[in-house]
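Written out below as structure tokens is the structure these notes cover.
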Protein chains: 2
Amino acid sequence: MKNFSRQREAVLSVIRSTDTHPTADWIYEEARKIIPNISLGTVYRNLTELKNSGDIISIDVGDGKEHFDRDISPHLHLSCKNCGKITDVALLDDPFKNYYGKAGFIPENCRYVISGICEACKL
Amino acid sequence: MKNFSRQREAVLSVIRSTDTHPTADWIYEEARKIIPNISLGTVYRNLTELKNSGDIISIDVGDGKEHFDRDISPHLHLSCKNCGKITDVALLDDPFKNYYGKAGFIPENCRYVISGICEACKL
DNA sequence: AATAAAACAGTAATCATTACTGATTTCAAA
DNA sequence: TTTGAAATCAGTAATGATTACTGTTTTATT
């Protein structure tokens, strides 16, 4: 197990407690329930560290905020423009493997996001 | 042909003049070469309109700025963390069709981005 | 032309994120 | 254990991309 600071453990445990793709602000509020005086800057710094270490990823769904994700495997995100819900879709394997392989590209972070209208909202 | 204002035409023509996935600021600077006193707010408003009308799309590559793209077909973006270059990879067809079809999702905007190291930077 | 609606230029405000500062904690070597 | 350098922290200030506002100009319709 990695030797993380108490603050970094708190941030990571908050992200791992949910599948809702939280924002930095939400993570901050939750982390304060564990460490009441944790600072927002600390949350941001540790989010960056956790991204760099590959423990989490982040995605952009077009609302101007960064959303974090405990699931680091390549998967698809369906983001509803109406209700804001983000749905994960597991992939059997990365459908783009052949494409970036051919281009000689070394992937580090895959973000596959489709915005649209979810089944519950389309009526 | 749609009846666009002079300013919206200028913004669209700037985007269509390049395959470099420009930011709002770059588009603003270029648009000023066509309409010297065009305002940044006008550029932003028309970028939003052009996105809503489906004439352009935008992607996020993790640098905190929105990047615009004249190519509205589903395609893959390879974004180099080292040199910042964004490479388009054409797709024969959308590899996620089966996935969101099953979920009953109506797609409007597909953003497939992989960050990593491009061939030229890997040495 | 007269009118209303839409789009504009210019500027001010917003707000997510980053940078900074001085204090605290960690931890390896003595 | 002390010691001291490096890392991390809390708290706050600054940044900067984007959005909102205001009063003016353009456009479209009668």
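Just so we're on the same page: letters track the sequence lines, and every chain starts at 1.
More than 12 heavy atoms of other residues, nucleotides or ligands shown are found within 6.0 angstrom of NZ on K122(B).
Residue R6(B) contributes atom CZ, which lies 13 Å from atom C1' of dT27(D) at whole-angstrom precision. Atom P of nucleotide dA17(D) and atom CG of D60(A) are separated by 16 Å, given to the nearest angstrom. Rounded to an integer number of Å, the gap from CZ of F4(A) to C1' of dT25(C) is 17 Å.
The minimum heavy-atom distance linking S58(A) with N109(A) is given by the pair O-OD1, 4.5 Å.
Near-neighbour residues of DNA chain D inside residues 35-50 of chain B, defined by a heavy atom below 4.0 Å, number-ordered: L40(B), Y44(B). Residues from residues 21-31 of chain B that place a heavy atom under 4.0 Å from any atom of DNA chain C: there are none.
Donor-acceptor pairing under 3.5 Å is lacking for the side chains of T23(B) and D25(B). Between T42(B) and R45(B), the side chains place a donor N or O and an acceptor N or O closer than 3.5 Å (distance only, hydrogens not considered). No side-chain N or O of S17(A) forms a donor-acceptor pair with one of R70(A) less than 3.5 Å apart.
A salt bridge links K51(A) with E66(A): the closest approach of a Lys/Arg side-chain nitrogen to an acidic carboxylate oxygen falls below 4.0 angstrom. Ion pairing of E9(A) with R6(A) is absent here, as no side-chain N (NZ or NE/NH1/NH2) approaches a carboxylate O to less than 4.0 Å.
Of the residues listed (H77(A), H75(A), H67(A)), the one engaging H21(A) in a ring pair (Phe, Tyr, Trp, His ring centres under 6.0 Å) is H77(A), and it is the only one.
Within the 4.0 Å cut-off from OP1 or OP2 of dA9(C), at least one side-chain nitrogen or oxygen of Q7(B) is found.
Axis orientation changes by 30° from one end of the helix from dA1(C)-dT30(D) to dA30(C)-dT1(D) to the other, with each end axis drawn from 5 pairs and the value rounded to 10°.
No close placement of the Y99(A) and Y112(B) rings is indicated, their centers lying 6.0 Å or farther apart.
The side-chain heavy atoms of I34(A) and S13(A), taken from C-beta on, include a pair separated by under 4.5 Å.
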